[in-house]
2 protein chains.
Amino acid sequence: MTNEDDFLKNYDPRAFAPVAVTADVVALTIRQDQLCVLLVKRARPPFNGLWALPGSFLRPHQTENGEQWESLEQAAIRALADKTGLSAASVPEILTGIHLEQLCSYGEPGRDPRMTVVSVAYMAFGPDFSEPSAGTGTSEACWVAVSALNLTAERQQAATEFPLAFDHAQIIYDGLERARAKLEYTGLATAFVKETFTLADLRRVYEIVWDTKIHPSNFARKLLSARHLLVATGENTSRGSVAGGRRSALYRRGASLVLMPPILRKELRHG
Amino acid sequence: MTNEDDFLKNYDPRAFAPVAVTADVVALTIRQDQLCVLLVKRARPPFNGLWALPGSFLRPHQTENGEQWESLEQAAIRALADKTGLSAASVPEILTGIHLEQLCSYGEPGRDPRMTVVSVAYMAFGPDFSEPSAGTGTSEACWVAVSALNLTAERQQAATEFPLAFDHAQIIYDGLERARAKLEYTGLATAFVKETFTLADLRRVYEIVWDTKIHPSNFARKLLSARHLLVATGENTSRGSVAGGRRSALYRRGASLVLMPPILRKELRHG
DNA sequence: CGAATAGTGTCTGTAAGACACTATTCC
DNA sequence: GGAATAGTGTCTTACAGACACTATTCG
């Protein structure tokens with residue numbers, strides 16, 4: 001393959017017009033009975049002062065073998081770490097118990113006024129990220145209830161306290177749809193709770209993300225009938241709720257991530 | 001916002017190290033009772049002589065307002081048109097009745113030996129694309145039965161007549177999974193058949209994509225019970241099959257794209 | 001004890017899968 | 001007529017949703 005070798009030696013990557021790639025993260029968690037997304041307040045143009053998803057340009061870093069590029073997923077993790085004031089050292093730590101997955105890519109011309117930017121959006125689900133604090137290029141970072149974003153069915157925003165930069169309203173909208181859909185047929189809800197949890201904890205996740213009430217006993221029957229989704233620890237909670245009540249059994253994530261048969265949202269049933 | 005304006009005026013996009021973005025298309029259709037994917041044979045390095053998905057670098061084109069970049073979707077359509085010998089003029093035409101959707105993005109360092117390349121993969125589903133012919137940079141283009149690719153569960157290839165370039169084995173594997181999954185809960189099967197079709201045509205799509213047998217009458221009951229998925233045209237086929245048989249009713253896609261309740265694949269039922 | 005929560009048992013309606021049976025149509 | 005396909009009717013089983021009832025636990 002000397003042909004291939006010659007070709008590569010003479011290849012000039014800068015012959016192409018520049019495109020930039022970013023990894024943006026839609027991080028979701030549940031706080032105070034509300035579904036919240038992690039946002040940062042931009043401290044520089046473009047969209048200075050508006051709110052945005054934590055994101056980062058895909059970039060090379062130095063290794064002993066010279067310049068080495070990071071993967072999209074690494075860039076997403078770095079965005080989550082940088083912009084929330086977590087040290088790079090704690091990256092493996094914040095990933096413990098945090099579920100990261102790719103959402104979608106966005107590349108409409110003009111979505112970034114600087115140049116053509118393709119953003120690969122990721123989703124992060126977690127029970128409790130550490131308290132955010134502003135990172136480079138941002139003046140603030142906080143968890144914002146998604147209801148406060150006033151997202152419309154057209155994936156835009158109505159008047160809000162948190163105006164979003166770029167096309168991030170659209171990305172967050174898509175991310176929420178993904179999260180709601182995945183609760184139906186996967187064990188994603190377990191990503192929102194701590195390592196051990198009760199069925200009531202899980203039910204609360206569904207009720208908050210879907211904004212519905214769910215019948216407790218049927219819910220328990222359904223989740224426990226899915227094989228290898230939940231594993232009983234044999235332990236119980238140390239006490240009932242403040243208002244009284246029996247102590248409930250504790251569970252842990254099982255080997256399976258699929259919820260079969262699925263729980264279908266009422267509004268979607270019957271097409 | 002003069003601050004923003006100043007910032008943009010002085011912004012140099014070439015300050016960033018180069019990344020390239022491509023749109024690659026996993027085009028699927030059914031030919032001769034086989035699920036087939038569109039592949040091109042590369043006629044230049046890298047991976048000269050190996051098979052690849054039709055793809056194209058995201059690039060600017062000239063308009064009356066100067067340089068304007070295309071969207072990811074436009075690049076995907078262009079890849080489908082260019083590399084299959086269809087003229088650019090026929091692009092709207094080939095899109096008639098072809099369903100295009102984004103699959104996933106791939107950006108592992110080293111996946112392209114030339115430079116860092118992020119590929120945004122799209123899926124295209126159609127009843128019958130026009131006959132492919134080699135485009136720029138390719139020596140051949142044809143529909144290859146996915147079974148001939150010998151894809152393994154690890155998203156690699158076993159020995160095959162069609163060795164794939166880059167990480168395209170992985171992309172195709174992911175695309176097939178997506179297609180199989182979407183048959184369960186959407187009307188995607190209608191994208192594989194002509195504008196009017198019989199229930200047997202649809203059933204054949206399921207049987208080929210899932211590689212299973214499906215009970216005809218239960219299948220019909222299921223699809224007809226999904227509201228607004230199919231619309232009876234009132235017409236029948238002009239004749240039965242070669243071997244005899246009653247004439248069957250013809251249907252058209254309805255307004256709905258969701259199949260609710262879903263048809264679950266046997267191997268996935270019960271978790 | 002009374003209120004609140006966890007968990008079990010049971011009934012009912014819906015629908016999936018299986019299959020028998022009728023209706024056509026080609027050869 | 002015989003084979004093949006389209007479409008209908010019905011039986012059985014499984015399970016979702018509803019709800020009554022028991023078991024705990026806190027104040």
Side-chain angles (χ1 to χ4, degrees), chain A residues 33 183-185 193 196-207 210 212-227 229-230 232-251 258-271, chain B residues 33 183-185 193 196-207 210 212-227 229-230 232-251 258-271:
Chain A
D33 286 331
L183 284 191
E184 291 193 331
Y185 59 94
V193 294
T196 62
F197 49 85
T198 67
L199 288 176
D201 292 334
L202 276 193
R203 186 160 48 84
R204 186 167 149 269
V205 173
Y206 277 85
E207 292 184 337
W210 285 354
T212 52
K213 284 286 163 206
I214 291 180
H215 196 294
S217 60
N218 292 336
F219 177 80
R221 176 161 36 119
K222 186 108 198 186
L223 263 82
L224 293 176
S225 76
R227 277 198 266 277
L229 185 68
L230 302 182
T233 63
E235 313 269 298
N236 281 346
T237 48
S238 59
R239 48 158 300 164
S241 80
V242 260
R246 187 167 161 179
R247 294 175 181 171
S248 57
L250 285 168
Y251 296 87
V258 292
L259 174 52
M260 195 64 60
I263 306 182
L264 299 178
R265 284 174 280 181
K266 265 217 175 73
E267 58 271 32
L268 295 186
R269 254 174 270 148
H270 315 302
Chain B
D33 286 331
L183 285 191
E184 291 192 332
Y185 60 94
V193 294
T196 61
F197 49 85
T198 67
L199 288 175
D201 292 335
L202 277 191
R203 187 160 47 84
R204 186 167 147 268
V205 173
Y206 277 85
E207 292 185 336
W210 285 353
T212 52
K213 283 287 163 207
I214 292 181
H215 197 293
S217 59
N218 291 335
F219 177 80
R221 176 161 36 120
K222 187 109 198 188
L223 263 81
L224 293 176
S225 76
R227 277 198 266 278
L229 184 68
L230 302 182
T233 63
E235 313 268 299
N236 282 347
T237 49
S238 59
R239 48 156 300 162
S241 80
V242 260
R246 187 167 161 179
R247 295 175 180 169
S248 57
L250 286 167
Y251 296 87
V258 293
L259 175 52
M260 197 61 63
I263 305 182
L264 299 178
R265 284 173 282 180
K266 265 216 175 75
E267 57 271 33
L268 295 185
R269 253 175 270 146
H270 315 300

What's the [atom1]-[atom2] distance between [X] and [N], to the nearest Å?
X         : N       : atom1 : atom2 : value
Leu250(A) : dT5(C)  : CG    : P     : 17 Å
Glu207(A) : dT5(C)  : CD    : P     : 12 Å
Leu223(A) : dA16(D) : CG    : C1'   : 14 Å
Leu264(A) : dA16(C) : CG    : C1'   : 14 Å
Ile263(A) : dA16(D) : CD1   : P     : 9 Å
Arg227(B) : dA15(C) : CZ    : C1'   : 14 Å
Phe219(B) : dT5(D)  : CZ    : P     : 16 Å
Ile214(B) : dA16(C) : CD1   : C1'   : 13 Å

With sequence neighbours excluded, residues passing side chain to side chain contact (heavy atoms under 4.5 Å, CB included) with Thr237(A)
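Scan of Thr237(A) (side chain to side chain contact (heavy atoms under 4.5 Å, CB included), adjacent residues dropped) gives Thr198(A), Arg247(A), Ser248(A), Leu250(A).
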Could you pull out all residues at least two apart from Tyr251(B) that satisfy side chain to side chain contact (heavy atoms under 4.5 Å, CB included)?
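Result, side chain to side chain contact (heavy atoms under 4.5 Å, CB included) vs Tyr251(B): Phe197(B), Leu199(B), Leu224(B), Leu230(B), Ala232(B), Ala249(B).
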By nearest heavy atom, map Leu224(A) and Pro262(B) onto DNA chain C; which one lands nearer the 5' end?
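Checking each residue's closest nucleotide, the 5'-ward one belongs to Leu224(A).
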From [X] atom [atom1] to [Y] atom [atom2], the distance as rounded to the nearest 0.5 Å:
X         : Y         : atom1 : atom2 : result
Leu264(B) : Glu184(B) : CG    : CD    : 5.5 Å
His215(A) : Lys222(A) : NE2   : NZ    : 14.0 Å
Ile263(A) : Ile214(A) : CD1   : CD1   : 6.0 Å

Where do Leu202(A) and Val193(A) land on the side chain to side chain contact (heavy atoms under 4.5 Å, CB included) test, with the steps shown first?
CA-CA 7 Å; Leu202(A) 276 193; Val193(A) 294; 4.2 Å; yes
Among residues 196-206 of chain B, which residues get a heavy atom nearer than 4.0 Å to DNA chain D?
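Contacting residues: Ala200(B), Arg203(B).
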Side-chain N or O of Lys222(B) less than 4.0 angstrom from OP1 or OP2 on dA15(C)?
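Checking Lys222(B) against dA15(C): no side-chain N or O falls below 4.0 Å of OP1 or OP2.
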Which residues pass the ring-ring contact (aromatic ring centres under 6.0 Å, His included) test with Tyr206(B), not counting sequence neighbours?
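Once residues adjacent in sequence are excluded, the partners of Tyr206(B) under the ring-ring contact (aromatic ring centres under 6.0 Å, His included) criterion are Trp210(B), Phe219(B).
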For Arg221(A) and Asn218(A), which heavy atoms make the closest approach, and how far apart are they?
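Heavy-atom minimum between the residues: NH2-OD1, 2.6 Å.
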Scan nucleotides 19-27 of chain D nucleotide by nucleotide, 5' to 3', and note B when protein non-hydrogen atoms come under 4.0 Å of the base, S if they reach only the sugar-phosphate, - if neither.
B---BBBBS
Which residue pairs pass the salt bridge (charged side-chain N to carboxylate O under 4.0 Å, His left out) test with at least one member in residues 196-206 of chain B, sequence neighbours excluded?
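Applying salt bridge (charged side-chain N to carboxylate O under 4.0 Å, His left out) to every pair that reaches into residues 196-206 of chain B, excluding sequence neighbours, yields Asp33(B)-Arg204(B), Arg203(B)-Glu207(B).
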